[in-house]
Amino acid sequence: MAVQTDRRRLLKGASSLLALATLGGVASRDARAVSPRASGDAALADHPSYSSINQCLQRAVDDGTVAGVVAMGATERGLVYEGACGRANARTGEAISSDTVFWLLSMTKAITATACMQRIEQGRLRLDQPAGEILPQLKSPQILDGFDVSGHPKLRPARNAITVRHLLTHTSGFTYSIWSDKLSRYETVTGMPDIGYSMNGAFAAPLEFEPGERWECGISMDWVGKLVEAVTDQSLEVYFREHIFDPLSMHNTGFLIGSKQKQRVATMHRRQADGSLAPEPFETNQRPEFFMGGGGLFSTPRDYMAFLQMLLTGGTYRGERVLRAETVATMFRNHIGDLQVAEMRTAQPSWSNSFDQFPGTAHKWGLSFDINTEQGPHGRSAGSVSWAGLLNTYFWVDPVKRVAGSLFTQMLPFYDARVVNLYGQFEKAFYDGLRRA
């Protein structure tokens, strides 16, 4: 697609992060359970119950499912499993680890939602507040009603106001072009940049449906980032660092990363037609016009697990409170009523496959998480929350069994069937290991 070629050319020209890209064979290092690093970590380290996870990570590297992978699991007692296998850097052969830097993409959303909920706790925002009261650009949204015979977009005013809740639940009407033929066409016709460019022109995107009338993932959380900046008078980079990352000791997480961190970024790979993996340059703008609350953060698996442990333990981590326990419980509840989370059908197959975490079952949306309403096929409880990032990173938090897990790779297209199968194997083996430990 032309829009994909344009995006790649723009990103390559930006002052940004390069995932180095020459493959010198795929080596691996043994996956292992983590040794306790502090008194807050549980005493289940190196337990033989988790040997099956080590084996499945090793197989995934050996059979070409991934070039490198990191998996981590925790309970309310602390971190209990940390495994890494394969290479982080295709040029140097450096081994992947829990301190390798990854682009989070949509796993950024949960952090932006956390910042928003902090402001709601303090009364600076309200869930059912019209977002246009804070951001005038959202006062009179327009809905894309198709295209006329000459190919020009047809727009009409929305009847409903966009609320903060709509933005947090992806019921605002905003979409992503990767999963929308209409928005892809709109970008091509108008020259509007994709949100991934980190250019403010992307906020000119129209809605595709009336606010509150259906669910579809899109740029809503980027608007939430703008809301947080407006009510705090701080950039997201500064606000996140002061109110989330420093309290959680997430010192390798941010929109802007230093030169030493750049050297630790995992090489991005792309699945080829024959099933093999090829390294590919992949960059993000390090001079952005705005910080993408929906997808702009870099982090490490170890940092992100600290964030997940905070959610798992009701808003605190190692004595630092980030959210109230009742706020976390609210974030984990259904906020879309009778609406359903639907399959995200790909409009740009080179970037993403179609995506549905729980096909054939009802799932809901919280603030801002996918919620499975039935027990998952690999062990997670009904009422667990989860989401993912475009480069095949995944996480879940199970508030019933008090478990959190994550899997990190860096590859396209998103929702790769082989990686999804690996994610399921890891989840099942982790729950099995907890029962045996």
Side-chain angles (χ1 to χ4, degrees), residues 1-11 105-106 108-109 131 135 137-138 140-160 162 166-226 284-285 288-290 292-296 339-356 365 368 387-390 412-415:
M1 283 189 174
V3 66
Q4 296 159 2
T5 301
D6 291 343
R7 176 187 293 153
R8 189 174 295 113
R9 184 182 300 119
L10 177 60
L11 290 176
L105 288 145
S106 282
T108 302
K109 289 177 169 61
L135 299 174
Q137 311 97 298
L138 292 177
S140 304
Q142 298 283 305
I143 294 179
L144 179 60
D145 226 9
F147 299 84
D148 63 23
V149 291
S150 62
H152 293 102
K154 297 189 296 182
L155 301 174
R156 65 169 176 82
R159 298 186 303 272
N160 302 336
I162 299 172
H166 289 149
L167 293 171
L168 286 167
T169 58
H170 295 290
T171 58
S172 64
F174 289 112
T175 62
Y176 278 132
S177 60
I178 292 177
W179 296 285
S180 168
D181 290 317
K182 286 174 67 176
L183 191 60
S184 291
R185 184 177 178 186
Y186 184 87
E187 288 180 352
T188 301
V189 169
T190 65
M192 184 188 76
D194 182 86
I195 196 72
Y197 296 154
S198 300
M199 297 172 64
N200 281 316
F203 289 102
L207 311 182
E208 287 199 46
F209 54 91
E210 283 287 345
E213 293 192 358
R214 80 169 196 251
W215 179 94
E216 185 170 344
C217 192
I219 67 169
S220 291
M221 294 306 298
D222 297 292
W223 281 109
V224 172
K226 293 277 192 180
T284 185
N285 192 353
E289 292 184 1
F290 73 96
M292 284 195 295
L339 299 179
Q340 300 291 339
V341 173
E343 180 186 33
M344 296 162 60
R345 296 181 182 177
T346 185
Q348 298 177 11
S350 68
W351 287 89
S352 177
N353 297 293
S354 294
F355 174 50
D356 185 346
W365 198 260
S368 165
W387 202 230
L390 188 70
L412 288 171
F414 174 58
Y415 212 55

Evaluate the criterion ring-ring contact (aromatic ring centres under 6.0 Å, His included) for residue pair F414 and W351; output intermediate values, then yes/no. CA-CA 6 Å; F414 174 58; W351 287 89; over 10 Å; no
Using the rule given for side-chain contact (heavy atoms from CB on, under 4.5 Å), can you reason through I143 versus L155, listing the C-alpha separation, both sets of side-chain angles and the distance that settles it, and then say yes or no? CA-CA 5 Å; I143 294 179; L155 301 174; over 6 Å; no
Between K226 and Q137, does the side-chain contact (heavy atoms from CB on, under 4.5 Å) criterion hold? Intermediate values first, please. CA-CA 11 Å; K226 293 277 192 180; Q137 311 97 298; 5.7 Å; no
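Between F203 and W223, the ring planes are perpendicular. Angles over 60° get that label, and only those under 30° would be called parallel.
With values rounded to the nearest 0.5 angstrom, I195 atom CD1 is found 7.0 Å from M292 atom CE. Distance check: E187 CD to D194 CG gives 4.5 Å after rounding to the nearest 0.5 Å. The OG1 atom of T175 lies 7.5 Å from the CD1 atom of I219; values are rounded to the nearest 0.5 Å. Atom NE2 of residue H152 and atom OG1 of residue T190 lie 10.5 Å apart, to the nearest 0.5 angstrom.
With ring centers used as reference points, F147 lies 6.0 Å or more from Y186. The distance between the ring centers of F355 and W387 falls below 6.0 angstrom.
Side-chain atoms of D222 and F174, non-hydrogen and from C-beta on, never get closer than 4.5 Å to each other. Proximity of Y176 to S106: side-chain heavy atoms (C-beta onward) are separated by under 4.5 Å at one or more points. In this structure, H166 and S220 have side chains that are not in contact, with every pair of non-hydrogen atoms separated by 4.5 Å or more. Put simply, the side chain of V224 reaches to within 4.5 Å of the side chain of L168, judged on heavy atoms.
At least one donor-acceptor pair under 3.5 Å links the side chain of E210 to the backbone N or O of N160. S352 places no side-chain N or O within donor-acceptor distance of the main-chain N or O of P349, the cut-off being under 3.5 Å. Remark: the backbone N or O of L183 is paired with a side-chain donor or acceptor of S180 at under 3.5 angstrom. With hydrogens and angles disregarded, a donor-acceptor distance shorter than 3.5 Å links the side chain of W215 to the backbone of T169.
A salt bridge links E216 to R214: one of the charged nitrogens lies within less than 4.0 Å of a carboxylate oxygen. Of the charged side-chain nitrogens involved, at least one lies within less than 4.0 Å of a carboxylate oxygen, so that R159 and E213 count as a salt-bridged pair.
The only option from R156, K182, K154 that meets the salt bridge (Lys or Arg N to Asp or Glu O under 4.0 Å) definition with D145 turns out to be R156.
Shortest non-hydrogen contact noted between L412 and L390 is CD2-O, 3.7 Å. Scanning all heavy atoms of the two residues, the minimum distance from M344 to C217 falls at CE-CB, 3.8 Å. Minimum interatomic distance between S354 and R345 (heavy atoms only, all atoms of both residues): OG-CA, 3.5 Å. Counting all heavy atoms, side chain and backbone alike, H170 lies closest to S368 at NE2-OG, 4.0 Å. Heavy-atom minimum distance, G296 versus T108: N-OG1, 3.5 Å.
No side-chain N or O of S198 forms a donor-acceptor pair with one of E289 less than 3.5 Å apart. Between the side chains of T346 and N353, no donor-acceptor pair of N or O atoms lies under 3.5 Å. Looking only at atom types and distance, the side chain of Q348 has a donor-acceptor partner in the side chain of S184 under 3.5 Å away.
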